[in-house]
Amino acid sequence: MSAMMLAMFATMASFYVAGRLWQDAQNRVYLIKELDRRTGQGQSAISVDDTLKVVACRQQGKRLASLEMELAAAKHEGFVGKYTYETNGTNSRKRPLIVIGIMTSFGRKNYRDAVRKSWLPTGSMLKKLEEDKGVVVRFVVGRSANQGDASDREIDEENRSTKDFMILDDHIESDEESPKKTRSFFANAADSFDAEFYAKVNDDIYINVDTLSAMLKEHWDKPRVYIGCMKSGEVFSESNHKWYEPDWWKFGDGKTYFRHASGEMFVLSRAVAQFISINKSVLRTYAHDDVSVGSWLIGLAVKHVNEAKLCCSSWPSGALCSAL
């Protein structure tokens, strides 16, 4: 009996140990599968076909980069026309070299007339400027807070006569909102014109269009460029100061603005203007439009070009702009 009981006990113990070992093995299998699932080690993250597609895309990317370098070298050697052509089916059209937005407002018709008499042609000559030199120029103005009032009607009547306005229906005209107006201009201009460059200029500035065109040709090989009379300056925290900055505390203890282009006139390349158009709803503005634009670009891979010819107030040698 003792031997039989011992045998039965040994058999039951064997079954118990075997069961525990099997359960532990199953637990380990489960944990390994769960680890593979969570870390992505159980199987390849992408299929073989997807891998081949990635390789092909990388090869195309290298080829594109090589072609871009060849194109830049060709432009440097002068193998570029006045401005480029785009073909759409059987129709071809000229891409404008630059779209210039002249910031104006209500009650400044005398400034606009001074611009028209000095450097901006009117009527058929304005169209000829666009077709021959690829330079599109528009006076930029928003709408009155009381839409449809006398101010709006005067602008509409003037535009019917001159046809040289870009009216921002989504912007309420106000001196305090000039940074938002500049943002709206670049967004609307990028959506309306597929140009090489876009420029913002004040309505009291004279421009030499031929000198401007020649200067821009030096920067065709830069896909993302920000050209202007670069400056910095003090941030004023006193609310009664003319240049008061409500967000002064964001600029640090030194209270100095980062480097940015003077607001009298500056130029952005097509990719930069398109960036503003795409992100206009999340681009915050500061008290001044030149600082606002500089803040949008300071964290991007954009080439900042300090161009003395755009220092309109100081009249440097070879300047292409000046105050009227």
Side-chain angles (χ1 to χ4, degrees), residues 96 98-122 126 129 135-145 151-152 154-156 158-159 162-193 195 197-209 212 226-231 242-243 260-268 272-273 276-277 280 283 285-297 307 310-313 319-324:
I98 187 170
V99 175
I100 302 174
I102 307 174
M103 298 296 150
T104 190
S105 59
F106 304 134
R108 294 182 66 88
K109 186 176 185 300
N110 56 330
Y111 285 87
R112 294 191 290 273
D113 288 340
V115 169
R116 294 180 182 118
K117 291 177 181 178
S118 59
W119 66 271
L120 179 62
T122 58
L126 179 63
L129 178 67
V135 178
V136 178
V137 186
R138 296 290 186 270
F139 288 104
V140 182
V141 67
R143 285 298 189 183
S144 170
S151 297
D152 279 350
E154 288 174 3
I155 292 294
D156 289 337
E158 184 179 347
N159 188 38
T162 60
K163 296 179 175 58
D164 57 5
F165 277 87
M166 177 185 290
I167 300 176
L168 305 175
D169 291 318
D170 60 348
H171 176 76
I172 301 301
E173 192 66 34
S174 168
D175 291 340
E176 295 76 19
E177 299 295 337
S178 63
K180 294 180 180 178
K181 179 178 179 178
T182 299
R183 181 182 62 191
S184 181
F185 157 66
F186 281 116
N188 280 275
D191 292 342
S192 302
F193 301 94
F197 299 96
Y198 301 82
K200 176 262 177 180
V201 61
N202 292 338
D203 63 3
D204 57 355
I205 298 297
Y206 168 87
I207 298 176
N208 185 318
V209 174
L212 173 62
Y226 172 36
I227 313 170
C229 181
M230 297 295 169
K231 64 173 187 175
K242 178 181 180 181
W243 306 114
H260 60 277
S262 169
E264 290 180 322
M265 181 177 182
F266 58 85
V267 180
L268 305 178
V272 179
I276 295 175
S277 175
K280 60 185 177 182
L283 294 176
T285 56
Y286 292 95
H288 315 296
D289 66 341
D290 53 356
V291 173
S292 298
V293 174
S295 72
W296 305 336
L297 308 183
E307 179 55 75
L310 292 177
C311 297
C312 308
S313 295
L320 58 83
C321 62
S322 63
L324 288 173

Does [X] reach the main-chain N or O of [Y] with its side chain, forming a donor-acceptor pair under 3.5 Å?
| X | Y | result |
| --- | --- | --- |
| T182 | S178 | yes |
| K181 | T104 | yes |
| K200 | G263 | yes |
| Y226 | V293 | no |
| R112 | S105 | yes |
| W119 | I205 | yes |
| S192 | A189 | no |

[X] [atom1] to [Y] [atom2] distance, which is reported to the nearest 0.5 Å:
| X | Y | atom1 | atom2 | answer |
| --- | --- | --- | --- | --- |
| R116 | F139 | CZ | CZ | 4.5 Å |
| D164 | L126 | CG | CG | 6.5 Å |
| M230 | C311 | CE | SG | 10.0 Å |
| L212 | F197 | CG | CZ | 9.5 Å |
| F186 | D191 | CZ | CG | 13.0 Å |
| I102 | R108 | CD1 | CZ | 12.0 Å |

To check you understand the geometry: which heavy-atom pair defines the closest contact between [X] and [Y], and what is its length?
| X | Y | answer |
| --- | --- | --- |
| C312 | E264 | CB-OE1, 3.5 Å |
| I172 | S144 | CD1-O, 3.8 Å |
| L310 | G228 | CD1-CA, 3.7 Å |
| V99 | F185 | O-CZ, 4.3 Å |
| V136 | P96 | CG2-CB, 4.0 Å |
| P179 | W296 | O-CH2, 4.3 Å |

Salt-bridge criterion met for D170 and K180 (N-O under 4.0 Å):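 Answer for the salt bridge query: no.
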Salt bridge D113-K117, side-chain N to carboxylate O under 4.0 Å: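 No salt bridge links D113 with K117.
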F165 atom CZ, neighbour heavy-atom count above 12 within 6.0 Å: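 Enclosed: over 12 neighbouring heavy atoms sit under 6.0 Å from CZ of F165.
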Step-by-step side-chain contact (heavy atoms from CB on, under 4.5 Å) determination, R143 to E173: CA-CA 5 Å; R143 285 298 189 183; E173 192 66 34; over 6 Å; no
Just so I know, are the side chains of [X] and [Y] near enough to count as touching, which here means a heavy-atom distance under 4.5 Å?
| X | Y | result |
| --- | --- | --- |
| V267 | E307 | no |
| F106 | E154 | no |
| V140 | N188 | no |
| D152 | I167 | no |

side-chain contact (heavy atoms from CB on, under 4.5 Å) between I276 and L268, intermediate numbers included: CA-CA 10 Å; I276 295 175; L268 305 178; 3.7 Å; yes
